[in-house]
Amino acid sequence: MNNLVQTLDSVDFLKMDRRTFMKAVGLIGAATFLGSFKSQIVDALEFAETKLVWLHGAECTGCSESVLNAGNPDIVQALQKLNVNLVFHETICAEQGIWNDGKLVNTADLNSEILLEETYKAGNYILVVEGSIPNGPDGSGRYLVIGNKTFKETLGEAAKNAVAIIAVGACATWGGITNAASDIEKDTDYRGVAFKKADPTKGMLKELGIDKPVINIPGCPAHPDWVLLTLGAVILGKIKVPEDLPAVLDQYNRPKVFFSPDHVVHDNCPRRGYYDRGELDDQIGGPGCLWKLGCKGPYAHADCGIRRWNGSVSLCPQAGGPCIACVEPNFPDASMPLYVETEDKGILLGADIGTVAKVAVGAAAVAAGVHAVRRMKGE
Amino acid sequence: MKANGNPMVVERYSGLDRMIHIIHAAAMLTLIITGLKIYFGWDFMSFHTARALHMFAVPFLLVVNWFLIPVSIVLAAKGGILPRFMHFWDHYIFGPKDAARMAGIIGNFFGKGKYPAFSIYDEASGHYKTKLHPLMKILIVIEGLAIVVIAITGIVLYSLNWSFLGLPIASWILSIGGLFAPAFGLSSLEFLRIIHLLMTYWFVFELVVHVGILEFDPHVWKYYKAIFWSGKEDLTDTHYAEVVKTKNH
Ligand code: SF4
Ligand code: SF4
């Protein structure tokens, strides 16, 4: 494998044909691939001409902030150099829609709503969705209305002619925090673009009758590398949509290169040595492994341990926070309670299996004691 | 079946039976202790030693359960398929007679009646008609299923991409786990891991019942000797044992 990596290191990524590219990604895995080709992907972005529409649904804009915080490349560098036309991004764009008596006024140059409509009509753009899409109340989608248009409707219009759709962050992928279990959950009925919780039959596109593949980049927030490198590969046509998607995505539409089915955060956690030695902290703030504090690193399929965050300096468990498996389907419900060990969740009619086991073994031991006394007395 | 010398001393467990039991017990104890060490982080041994021992014990347990026990059952009776099957049925499957014995045992536990004999030797045929404690017959079936479940879930914990002959077994198991996990608000991997732990607790429970309730009695200690060492039972000791003579055998 080392030889292959060395060979590929000297290959010009841009000149590599698609088949070789796909093979390379498959063979050398996430870390090596990115280590080898990250800068080339970034360079390549400069030559791309595809338009990009970035829509915001119900969310906190954390994923945009995460991308804005990207380093090497940072988003400003990338935007300055890129030939990618970022048609619309609510947080970055200055201009917004202007209505007069309920009608859009002015031209696309001054009114981003008109710009969007024209872009949708022209097609040939990549759609990035950040945030979930409310379907409630009663399927109307009116819990999120922008310019008298429901976001559900906006997504339908935007998705129709998009050449590729990328859902960024837990909200756009599964519904995320907006869709967490609650008393109003049924009424608000938040959806991800292609999934609702872990259910692929209830994504908003299905609800709208649009049959288009979606690449999911989960995370709360998503890592800037995951977003930019996926965009880079799609824009360059190194990953062809939809032909290559079955090979590069897992069953939850996550790129396997970042969300490896075979690896979890726990595999490369800097605290792993403590886990291996059985030094499991029971209070926050210690140096040990955070498993007993509810760390979900053993279940989180993400490369955070290798890639690290904030300019590659840290990741959640390293900084002292148990991993909450923010990349997993049905986050955050699947990770709740966040700081309770999975085995201590009350899944057996509210009781955790440890308690059930203690009661059962204790009862058996008491019965054994009584039995022993009786038998010894010859009763 | 009769052992040399005293005609009342018979072979209760063959050499193969004893070997199976010893390997099974050793593998099971190793798996429980190292598994719980990994889970609780007990510090009497390193994680790597615990994991290595855990993985070392797995093939022993599986070979015993999925190969040697079936072989021993088949070899224990003579004749064609039917007699061998009947032997298996009488010896290992909880039937109406076992239910009656169990009722007697429960009654005795609460101070009513005598503890019934569960080890029945047929003098005419020179074979046991049945010899396991009725509770054991229940435990054995659950244990067999538990071993299947713990082995399957263990594959995923061992390696998320374990495959056999090119078949992606681990990912199949994860997919199957994914069918049930959402009902408990868990991911497939979490679900499989919890089931693995639950089965471990089952084995601890079974061990307490097996050793504590079935065997914690000075009169049963003869069976310890039989299963671990001699393999023989002295039928003159009538505690829990009964000798019958079946006609037309
Ligand atoms: S802190 Fe979490 S991810 Fe890190 S070793 Fe412990 S359990 Fe694994
Ligand atoms: S370490 Fe865990 S919680 Fe933190 S970003 Fe990675 S997957 Fe999410």
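Naming: A, B, ... by sequence-line order, numbering from 1 per chain.
Proximity to chain B (any heavy atom under 4.5 Å) is restricted, for A:K296, to the side chain, taken from C-beta onward. Contact annotation for A:A365: both backbone and side-chain heavy atoms come within less than 4.5 Å of a heavy atom of chain B. If you measure heavy-atom distances from A:H301 to chain B, the contacts under 4.5 Å come from the side chain alone. Residue A:D333 touches chain B through its backbone alone, counting heavy-atom pairs closer than 4.5 Å. Residue B:I38 touches chain A through both its backbone and its side chain, counting heavy-atom pairs closer than 4.5 Å. Only the backbone of A:P261 comes within less than 4.5 Å of a heavy atom in chain B; its side chain stays farther off. For A:K197, no part lies near chain B; criterion is any non-hydrogen pair under 4.5 Å.
Using a 4.5 Å heavy-atom threshold, the side chains of A:L293 and A:Q283 count as separate.
Chosen from A:D262, A:V370, A:N330, A:V264, the residue pairing most often with chain B at heavy-atom distances under 4.5 Å is A:D262.
A donor-acceptor contact closer than 3.5 angstrom is absent between the side chains of B:Y201 and B:E206. No hydrogens or angles considered: a donor-acceptor pair under 3.5 Å links the side chains of A:H266 and A:R272. The closest side-chain donor-acceptor pair between B:R12 and B:S230, if any, does not fall under 3.5 angstrom. For the residue pair B:Y128/B:E233, the side-chain donor-acceptor check at 3.5 Å is satisfied.
Ring geometry for B:Y240 against B:Y115 counts as perpendicular: the plane angle is over 60°, on a 0 to 90° scale with 30° as the lower cut.
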